Amino acid sequence: MTTHTVSTRSPSASIWDAAHAADARRPRSRQRQLGASDTICSRRAGYILHGAKRSHSPDMRAAILGTYIHQGLLEDARREFGWLIERTVTDDVLCGHIDVVQLDAATANRLPKRHRPVGPADVVTVEDVKTKSGRIWDRVVRYGPTAAEMRQVLLYADLLRSVGFADIPGQRYLHRLGPIDVGRIRFRFVCRDTGEEHIQEFDFDPWLATEARWWVERVLEAPGPKDLPRDHDGPGLSAICDNCPFRDACWPGVAPGMPAQTILIHDDADRAQALADYVRGHELYREGKRLKEKARAMLSDSPAGRYGDNTLGWSGGNPRQEMDIQAMVERFEDADLVVPMLPNAKAMVETLRRAGIPVPTRPAAGQKTPRTINISPARETV
Ligand code: SF4
């Protein structure tokens, strides 16, 4: 991150100084009760419950951008569609903010007329809006929510089913409804780079919600954070750990210049296990590589298009371009530039670029750029 010696209010200060300051004041940043969104890692949840000091300040810029998009979309959905957004659910242990609750007609009709949301659903639906980067978008479309994201929304839905909306100002009319029978959960993924939207819905499964509750109970029963498993692979290997505020407490005593994971080795038994994992990983990699290479060769002659769950695309395979020295000499003469006695393509390209003149190229005889296969999950057309 850029450091500044100027006053934070100066126009030349980084605008992120303001964004970070505002983010630090957001209720979720200050929350000490376990939020459903904190269930991403058992040990992290343990640190929060035990009030551990946050020793690492991760780079929050991408997360803050996500928050801005999230807030903007939800607020506009509330204004334009009358959606019920950002509602709090809580019990003795957990606290969460549900992005969108769509009530069914029977439940909506129990509300005072002025509070009735428009467009009731066939069953009560709890929705979570998640913004994702384009880098992982294909994975999101293909595999949907992660286990932690699923757990988070199941816990929201379970709180709504067991307690109802929290009894707090601004939503007392909702609290009076009592426990709500949630029938469906929905994920609405939005790509931060393209705006693409992808929706996945699941029937509410009480068994899965009970599993999510057990997860929380296991965290509560642990004497301390160190008695809980690290659910991620650690700094340098997991973006979640890289951005975890408890990273330093979780991975203590790492020797300078060594990967954090070295602290996981205590004796020869650990070394034997790590070696066995390495060998197994290599075998999986070899088998995966073999599968990919065979499928790639089989598809070489297939036209682009949708096949089953995937879309096949091709890029490259175009005539390769090479410098057109004769045309470059002509451009030099037209621009009154000195033509080198011995044509030097590299120097001529630099001179043309400096002069703002397009560098002429021509197709290289018989040469093509490599043909690249692109496979993405098949998108449903809306
Ligand atoms: S550093 Fe990683 S493993 Fe440790 S608490 Fe944070 S997320 Fe969990």
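As the structure lists them, so they are numbered: ligands from 1, and atoms in each ligand from 1. Being a predicted model, the structure only gives us computed values, none of them experimental.
- Side-chain atoms of T88 and H97 include a donor-acceptor pair closer than 3.5 Å.
- Q102 and R184 share no side-chain donor-acceptor pair at under 3.5 Å.
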Next on the checklist: Pair Y173, H115 - check ring pair (Phe, Tyr, Trp, His ring centres under 6.0 Å), show working.
Outcome noted: CA-CA 8 Å; Y173 67 100; H115 285 312; 3.6 Å; yes
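- In this structure, R142 fails the cation-pi test against W137, since its NZ or CZ atom is not both closer than 6.0 Å to the six-membered ring centre and inside 45 degrees of the ring normal.
- Distances from atom 2 (Fe) of ligand 1 under 2.8 Å pick out these protein N/O/S atoms: C241 SG.
- Between the side chains of S315 and N374, at least one donor N or O lies within less than 3.5 Å of an accepting N or O.
- The number of heavy-atom neighbours closer than 6.0 Å to CZ of R280, taken from other residues, nucleotides and ligands shown, is 12 or below.
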